[in-house]
Amino acid sequence: MRFRLLGPLALADGPDTVVLQPSKPANLLAALLLHANSTVSAEYLQRAVWGEEQPATARAALQTCVLRLRRLFAKHGVTGTSIEAVPGGYRITAAPSTLDLLGFREQVRRAAGLDRDPDAELCALRDALSLWQGSLLANVRSDVLHRDEVPRLAEERLRAVERVCDLLLGLGRCGEALVDLWTATRVYPGHERFHEQLIEALYRTGRQSQALAEYRRVKGFLLEELGVDPSPSLRRLELSILRGEDLGSAGPAAPRVIRGETVLLSAADPAADLAAPSAAPVAAAAFAPSAAPGIGPVPAVPHFTGRAAEAAAMAARLTAPPAPGPEDHRPLTVLVSGAPGIGKSALAQHVARLVRDAFPAGQLLVRMTRTDGEPRTVDEVAAEVAAALGEPGAGRALLILDDVVDADQVRPLLAPAGPELAAVVTSRMGLGGLIATHGGWVQRLTAFTEAESHALLLAALGAERVEAEPRAAHRLAAVCGHFPAALRILTARLLTRPGLRLADAVDWLGGDPLARLTLTDSPDHSVTGLFDRALGRLDPRLSEAFARLAQGPPELLADRGPEDEGPVPEAVREQLADAGLLEDGPPGPYRIHDLLRAHVRRTARIRDRRTEKV
């Protein structure tokens, strides 16, 4: 027996399908299946079944509804799936073979792993899309589900359709792509990417006048219905068509630049981390071919939350018009600094996506350290960036120089380069010398606020799970010290344990947070490993001074050290603060984050025990 969500809610047994009649049990079943294998709170189920205005007897009625649903299962011979009553709510178990939504997602994940074989990826995506059978949950009369869940599922399908059309264009099968695109643009008239793909397909198949007519049609729709102009990539595509330009190869290895963001369609050549860009549907990108492992497109950041003020300020700086006065040929530089694991790279990548329209020549992520943590040489990075940056004239480009070790590592990259280049530098170091010699603006990050931590838990774990245990969620964030890296690792672990109550997770994590804030299948992703790598970069004398400071209280006065240890000079404390290991400083006290202090103390105890044994 198989459940169907991607269309009318139904039960299927081989060729036989039973479409359920609209009812309260149907609402309940849909709500459970949409969150299969996870605990769904009783409060959420009540809203899904009865809406926001629930009867006074909703909790008792929910139990009756579950009983009716179990009887429905028995009537139709559903024996391999059960509805479990668990603390706080209910849970239904399913697998890709028994629920079409899970089957669709599994196929999409499999397709993503076939990006070096576009034909195989296309086939897998079409298999996934074949599971959609009509209007989504047409027989489910739940305003809550149609408001909160159906749009999210529809977006998953749209992303798959968009990728299918990208692959067809990349493989040169433009006529085949037109079949899907005519339908997609009419059903989703505000989805600009579908229109861009349709216009490109028309032009590539020799229908220039139709392509221009389609552009005028979508431009009129956007202005009249939404009051906005077409995207820069659509406008550049129109210009290319008006000029009769050759759009270049549509081969599967060609990346596309969409709203200033480099996106690889596929990679036929294993070495082509950044393949040569097509000349269309937009102006040529500024990034030439490169096989450098330290260079690549700016990726999306999953579940990015918090840092709203910082992100807005950085975006404003990067998109501000040039200041009047003598022309300055140095790139605009924004420095993001702070402790290891504080979220510098995530913020930089998130902001890059926010401002991508301002950088039509594209965006490039340059990793400044190797996988073992060793810094890459200045000459190596400079040569790779020079090779990756194309000829001037394509517009502004943005470099994300990630995990810079010292100022000398990036100065050659920020030499006078004209106004077409901007750079976001992330570093644990303060890099005051770089700002002094090259100018720029600094964004120093600290731990999350309570609200930001809670927002991250909501985004990663889902509202149902977090809102069912709000006090436990706040305690979890507190045990993590509101430290972004710790919260990310925690949520990853909790997502693999959907049945674990948050209150139980608090007790489990609080017993030994340093040992348990690690991913068992990826030991490199751990709070202790992160801190060890950061401390390993310190000069031994600084490391010794920091270990002494960690034995004292969290707040460290400038004129006093730990008891019986003597003062640690303020100059040393400033160096440690500059390395991202101490927060604030004069005129207020220095502080050590609780997790970092606990890690240093634990390391010292282990070292002392080993010394005693010797």
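Positions are given from 1 along the sequence.
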Quick check: do [X] and [Y] have side-chain heavy atoms less than 4.5 Å from each other?
X	Y	result
L494	R465	yes
H454	V466	yes
L153	L34	yes
T185	H191	no
I199	L234	yes

I'd like to know if the side chain of [X] and the backbone of [Y] have a donor-acceptor N/O pair within less than 3.5 Å.
X	Y	result
H146	L137	yes
N27	R141	yes
H350	F304	no
Q197	L181	no
R2	L11	no
Q133	S130	yes
Q363	A352	yes
Q208	Y203	no

Next item on the list: Ignoring hydrogens and angles, state whether a donor on the side chain of E452 or T305 is under 3.5 Å from an acceptor on the partner side chain.
Entry: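 T305 and E452 do not have a side-chain donor-acceptor pair below 3.5 Å.
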Check: Between Q21 and N139, do the side chains contain an N or O donor and an N or O acceptor separated by less than 3.5 Å?
Finding: no
N/O donor to acceptor pairs below 3.5 angstrom from side-chain atoms of residues 103-114, sequence neighbours left out:
residue, atom, partner, partner atom, Å
R105, NE, E156, OE1, 3.0
R105, NE, E156, OE2, 3.4
R105, NH2, E156, OE2, 2.7
Q107, OE1, R110, NE, 3.0

Salt-bridge contact [X]-[Y] (side-chain N to carboxylate O under 4.0 Å):
X	Y	result
E155	R152	no
E43	R47	no
E238	K219	no
R367	D402	yes
E162	R159	no

Next item on the list: Quick one: list whatever passes side chain to side chain donor-acceptor pair (under 3.5 Å) with R216, sequence neighbours left out.
Entry: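 Residues passing side chain to side chain donor-acceptor pair (under 3.5 Å) with R216: none at all.
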Within a reach of under 6.0 Å around [atom1] of [X], are more than 12 heavy atoms found that belong to other residues, nucleotides or ligands?
X	atom1	result
E52	CD	yes
D143	CG	no
R235	CZ	yes

For [X] and [Y], which heavy atoms make the closest approach, and how far apart are they?
X	Y	value
L457	A473	CD1-O, 3.4 Å
S231	E192	N-OE1, 2.7 Å
R91	G499	NH1-CA, 3.4 Å
P151	D148	CD-C, 4.2 Å

Margin query: In terms of relative ring orientation, are Y44 and H35 parallel, tilted or perpendicular, with 30° and 60° separating the classes?
Written below: perpendicular
Next item on the list: Quick one: do T369 and D403 satisfy side-chain hydrogen bond (donor to acceptor under 3.5 Å, both in side chains)? Show the steps, please.
Entry: CA-CA 6 Å; T369 54; D403 198 15; 3.0 Å; yes
Which pairs would a plain distance check flag for residues 167-177, meaning a side-chain donor or acceptor within less than 3.5 Å of a matching protein atom at least two apart in sequence or in another chain?
residue, atom, partner, partner atom, Å
R173, NE, E176, OE1, 2.9
R173, NH1, D119, OD1, 3.4
R173, NH2, E176, OE1, 3.2
R173, NH2, E176, OE2, 3.1
E176, OE2, R126, NH1, 2.8
E176, OE2, R126, NH2, 3.2

Next item on the list: Could you check T98, L28, L99, D100 and say which one makes a side-chain contact (heavy atoms from CB on, under 4.5 Å) with L33?
Entry: L99
